Structures are given as structure tokens and as C-alpha cells.
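Whatever order the structure lists them in is the order used to number ligands and atoms, beginning at 1. The model shown is predicted, which means the values in this text are computed figures rather than measured ones.
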Amino acid sequence: MAKQALKGVLSTIGNTPLVELVHLFPDFPARVFAKLERFNPGGSIKDRSALSMLMERIHSGELVPGRSVVIESSSGNLAIGIAQICGYYGIDFVCVVDAKTTEQNVAILRAFGASIELVTERDAETGEYLPARLRRVAELVASTPNAYCPNQYANPLNPLAHEGTMREIVEALDGPVDYLFSAASTFGTALGASRFVRRSGLSTRIVAVDAVGSLLFGTVPGQRLIPGHGASIRPALLDPSAADDVVHVTDLECVVACRTLTIREAILGGGSSGATVAALGKMRDAIPEGSNVVMIFPDGGDRYLDTIYSDSWVNRHFGEVSHLWKENSSTKVAPC
Ligand SMILES: Cc1ncc(COP(=O)(O)O)c(C=O)c1O
């Protein structure tokens, strides 16, 4: 995609910072880095996917303000990324969300001018909202003239965007990227990174981070409290051979890792950022000394203040567990 053709706020998508984390794992004999995707203007890595799936059609004149309608199922970051781009160009966007979508996200979508289509009934077979949301999208696309559904779960332009994410990481690091930890849902990020690595002949191991209870990599489907990583369907983009390792993380491990990350590095990470930190903690003994490890942090914690960063929410779901991250604060290393 011709990045130089982007204007205004959209020209700031991508080229996010890669920072070294020296406090997070004090005794770990490897260098640890994080790619901070919250610095995208919509606040997450999904700005990249949204841009990739929409811009070609906007530039070619297939998506026209006042005539075309973008319709997509997303309750979070992708929706915000699409809403921002559609808002910039004045293109109508109908976002299909469900009752689990946070009020804050709905407010952000409305502020960008998106129309909200709320699905209230769960899919009868799976008990999940996602299949019901995807059905509603199909109905709307069929009944709306000039509709376009990006379909992040199957669109090859989604992983294509993340070949660029991986290229940025490789170019920013002064040495090889030995491990890349990537939270997985549509699998777009991990697949794009893996394709870049293999096409470039690099030896980076791609570690996919999934949630316990997700359908992606074969755990028994179950309740998951934290959005971002994991999925209740098997996306068409899922290619298990693109991941060298898979690590599953529980909701509690994710919360503890988010809180620890904030205490040790002063990074307010989103849920899936915590999941990658927890996954690295689980794999650390298998990682050789001197390795360079990169984690992608897909978004920031400000969209999780009522959940992960709320003591009463954590208490309600897991009991009194604050000692699990308070213990961690005492091992913080000296400033450097
Ligand atoms: C916060 C967050 N983390 C991780 C992911 C997973 O990324 P991908 O869909 O590329 O697998 C998403 C996807 O929406 C996300 O919003």
C-alpha cells in the first residue's frame, strides 16, 4: 500500500515504538522488547488491519462517501479502527456489536459517526454472541445496496498488514529477533508476522498466545472474561503451521501479568498484552540465554479500567488475589 498517499491522522498509523523492558523479568538472561501498538491513532494494532482492508477500495473508488456502506462485526479495536477511517473519508459504517461490548467502545464508535447494530441474542448452538453477530452482518450485507464487509476473519489484507508490523520490528532491532510473542484471535497478526519471517529467511520463532477456553488451538471451549486474544470460532485465516509454539493463558494469569507490567514497567497494557507477558513467563525456561524476545502489545489498558484494572471486578471474579502482583513489586530492579 502506498503509505505516502495517506493524509491527516491516518498517516500516523504504524511505525509504533519498540521499547526494551528491563524491569519486567529481572533475572532473565535474554533481552525483552515490546512493540507498543497503542500508539496507533485509534489506540490499537487493529488500525493497521482496518487500513489494509479499506484503503485499496477507497483509492480505487469502489468505496464512495454517501453511497457505500461498510458493515463489520467487531465490538472493539477493529471497529474503532474502521470507524476512524470511515469517519475521515465520510463513508457510512454500520458496526454490529453485542451486549458484551463496553459502553466506552460504543461511545467511541458513535463519536466517530458509526451506526450501531446491537445483537441481543446469543447463538443457540454455541451460546456465544459471535456467530449470531456474523449472521446479522450477512443479513445486512445482503439487504444493503453498495455494502462492503471487510471480514477480518478471512480477509488476506488483514495478515498482509502485519507483514509490515514484523518488518518494522526487524528493522528496529539491532540484532536478530529470536522469538516473537503474538496474541491471536483472527490470527491476522501472527500469520502476517510468520509470512514475513519465512519469506525473509529469518529464524524467528513465532509464539501464538491463545486464551484457555478459546477454540483456536484446541482447548475445550469455555467462558473467557477478557476480550482480545482467543476466539469462539475457527477463523479462515487460522493456519496452525504458521506458529512454532502455542501458549495458553488463563484470565487470572492475564490479569496478574497486566498488573505486574504496570508496576514494573509503568506500561498500562491491554488484556492481550498481559497475556503475552504471562506466556513469556511460562516459556522463559525454554528460551536460550542471550536471545532477543519481542512481544507485541496490541492495545493499552485504558479500555480495561472497569475490568482488569478494577479491584472490585477482579475481586468479584477471582477473589482476593492482589498479593499475586504486589509480591512482584518488591523485586523491581534499580533504575537504569
Ligand atoms: C487487544 C487485541 N489483542 C489481540 C488481538 C488479536 O489479533 P489478531 O486478530 O490479529 O489475531 C486483537 C484482535 O482484535 C485485539 O483487539
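Here K282 pairs with E253 under the salt bridge (Lys or Arg N to Asp or Glu O under 4.0 Å) rule; sequence neighbours left out. In terms of the side chain to side chain donor-acceptor pair (under 3.5 Å) criterion, S74 has no residue partners (sequence neighbours excluded).
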Item checked: Evaluation steps, side chain to side chain contact (heavy atoms under 4.5 Å, CB included), between Y153 and I233 -> CA-CA 9 Å; Y153 294 96; I233 56 165; 3.8 Å; yes
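Protein neighbours of ligand 1 below 4.0 Å, counting non-hydrogen atoms: K46, N77, A183, A184, S185, T186, F187, G188, T189, G228, S272, P298, D299, Y304.
No side-chain heavy atom of V314 sits less than 4.5 Å from a side-chain heavy atom of T307.
Judged by distance alone, the side chains of Y304 and D299 do bring a donor and an acceptor atom under 3.5 Å apart.
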Side-chain atoms of residues 141-149: list all donor-acceptor pairs with protein atoms under 3.5 Å, sequence neighbours left out, distances to 0.1 Å.
| residue | atom | partner | partner atom | Å |
| --- | --- | --- | --- | --- |
| S143 | OG | E139 | O | 3.0 |
| S143 | OG | L140 | O | 3.3 |
| T144 | OG1 | L140 | O | 2.6 |
| Y148 | OH | M53 | O | 3.0 |
| Y148 | OH | N155 | ND2 | 3.4 |

